[in-house]
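The figures that follow rest on heavy atoms only: side chains count, while hydrogens, waters and symmetry mates do not.
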Amino acid sequence: MRSRDQLRSQILSAARAEFAAFGLAGARIDRIARAAEASKERLYAHFGDKEALFREVAAADGAEFFRALTVRPEAVPEFVGDVHDLAHRHPEHLRMMMWARLEGVRFEQPPGGDPTMPAQAIAAIRTAQGTGDVDPAWDAEELLVLLLGVGLAWSHWPDPRSMTDDPIVLQRRRDTAVEAAARMVAARPR
């Protein structure tokens, strides 16, 4: 017999796979319930409706993605490589965030969640600006968004050839993204 928490976790896992594949509109509660080995009634008892379940999965997925990333003041360009690697290892995160964005879901801070990722990253960039490792002309928050974009570039490239597991190609792409970030953040001579 599963505990309430175990059932909830299995429903969330099944919902993540379903929503990542089909989005909110295309997902089917009966498939989620079947995959979680739960009744639709139990699913509704835990989450209310499909949209509430989608929002919870999207928030958890976004939080998991950002918890896996850290900006270090002494290695700001490496952050881009970390984003690249994470996007390759967990494409489901990106699919969920894209579906959430298409559905107009705002990524609110989940209850009890760690609100520090953006704040920590911005503080690290500002520290790097103070030591001269990052051009102080950048607004730290705007730079963070641009660095994320560079790290995610290959994940968003629409050409099917961009999807690969070839370690040589992946390393080259990672190195290129980190080099692009290093050039972006380099302090310009005055």
Side-chain angles (χ1 to χ4, degrees), residues 1-71 79-122 141-142 144-160 162-165 170 177:
M1 181 64 107
R2 292 181 290 190
S3 72
R4 178 177 169 84
D5 288 342
Q6 288 171 326
L7 175 59
R8 184 177 175 78
S9 176
Q10 286 176 306
I11 291 170
L12 287 171
S13 178
R16 177 191 216 183
E18 180 76 7
F19 288 133
F22 302 105
L24 177 59
R28 298 290 173 255
I29 290 295
D30 59 330
R31 286 192 301 241
I32 295 170
R34 193 170 35 254
E37 299 177 353
S39 69
K40 289 193 321 188
E41 293 76 23
R42 292 292 350 127
L43 193 144
Y44 285 123
H46 278 270
F47 297 98
D49 63 20
K50 184 168 86 167
E51 185 172 340
L53 177 57
F54 177 82
R55 288 177 179 280
E56 186 158 340
V57 170
D61 220 62
E64 186 177 323
F65 181 81
F66 287 109
R67 264 196 312 273
L69 297 169
T70 303
V71 178
F79 168 73
V80 171
D82 296 343
V83 171
H84 173 274
D85 295 346
L86 182 60
H88 178 74
R89 283 192 317 270
H90 296 286
E92 70 277 8
H93 288 307
L94 301 181
R95 285 194 302 273
M96 278 304 302
M97 287 188 280
M98 186 59 68
W99 282 119
R101 184 163 177 121
L102 290 170
E103 294 292 343
V105 173
R106 292 178 52 102
F107 286 102
E108 308 284 333
Q109 189 61 40
D114 181 5
T116 60
M117 187 292 172
Q120 177 278 331
I122 291 166
E141 183 175 15
E142 290 175 2
L144 175 62
V145 172
L146 293 172
L147 292 172
L148 276 165
V150 172
L152 295 173
W154 278 106
S155 298
H156 292 297
W157 186 246
D159 187 329
S162 68
M163 297 186 305
T164 184
D165 286 323
L170 290 171

Determine, step by step, whether L147 and V83 satisfy the side chain to side chain contact (heavy atoms under 4.5 Å, CB included) criterion, reporting the C-alpha distance in whole Å, the side-chain angles of both residues, the deciding distance to 0.1 Å, and the verdict. CA-CA 9 Å; L147 292 172; V83 171; over 6 Å; no

Among all residues two or more places apart in sequence or in another chain, which pass the side chain to side chain donor-acceptor pair (under 3.5 Å) test with [X]?
X: R31; value: E18
X: E142; value: none
X: D165; value: H88

Counting heavy atoms not belonging to R89, are there more than 12 under 6.0 Å from its CZ?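 Atom CZ in R89 is crowded, with more than 12 foreign heavy atoms closer than 6.0 Å.
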
Got a sec, which residues hit salt bridge (charged side-chain N to carboxylate O under 4.0 Å, His left out) with [X], two or more places apart in sequence or on another chain?
X: E37; answer: none
X: R95; answer: none
X: D82; answer: R72, R174
X: E51; answer: R55

Checking I32 against L53 for the side chain to side chain contact (heavy atoms under 4.5 Å, CB included) test, could you report, in this order, the C-alpha distance in whole Å, the side-chain angles of both residues, the deciding distance, and whether it holds? CA-CA 11 Å; I32 295 170; L53 177 57; 4.2 Å; yes

List the residues meeting side chain to side chain contact (heavy atoms under 4.5 Å, CB included) with D159, not counting sequence neighbours, and say none if there are none.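 In terms of side chain to side chain contact (heavy atoms under 4.5 Å, CB included), with neighbours along the sequence ignored, D159 is linked to W157, R161.
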
Going by atom type alone, with no hydrogens or angles, which donor-acceptor pairs under 3.5 Å involve a side-chain atom of residues 38-47 and a protein atom two or more places apart or on another chain?
unit_1 : atom_1 : unit_2 : atom_2 : d
S39    : OG     : R42    : N      : 3.0

Evaluate the criterion side chain to side chain contact (heavy atoms under 4.5 Å, CB included) for residue pair E64 and R16; output intermediate values, then yes/no. CA-CA 12 Å; E64 186 177 323; R16 177 191 216 183; 3.5 Å; yes

H90: ring pair (Phe, Tyr, Trp, His ring centres under 6.0 Å) partners, not counting sequence neighbours: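 Ring pair (Phe, Tyr, Trp, His ring centres under 6.0 Å) check on H90 returns H93.
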
How would you list, by chain and number, every residue that makes a ring pair (Phe, Tyr, Trp, His ring centres under 6.0 Å) with F54, sequence neighbours excluded?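 So F54 forms a ring pair (Phe, Tyr, Trp, His ring centres under 6.0 Å) with F19.
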
Where do F66 and L148 land on the side chain to side chain contact (heavy atoms under 4.5 Å, CB included) test, with the steps shown first? CA-CA 11 Å; F66 287 109; L148 276 165; 4.1 Å; yes

State, to 0.1 Å, how close [X] and [Y] come at their nearest heavy-atom pair, and which atoms those are.
X: H84; Y: L170; value: CE1-O, 3.5 Å
X: T70; Y: Q120; value: CG2-NE2, 3.7 Å
X: V150; Y: A177; value: CG1-O, 3.7 Å

Under 3.5 Å donor-acceptor pairs involving side-chain atoms of residues 20-28, not counting sequence neighbours:
unit_1 : atom_1 : unit_2 : atom_2 : d
R28    : NH1    : A25    : O      : 3.0

Please tell me if the side chains of V105 and W99 come closer than 4.5 Å, counting only heavy atoms from C-beta onward.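 They are not in side-chain contact.
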
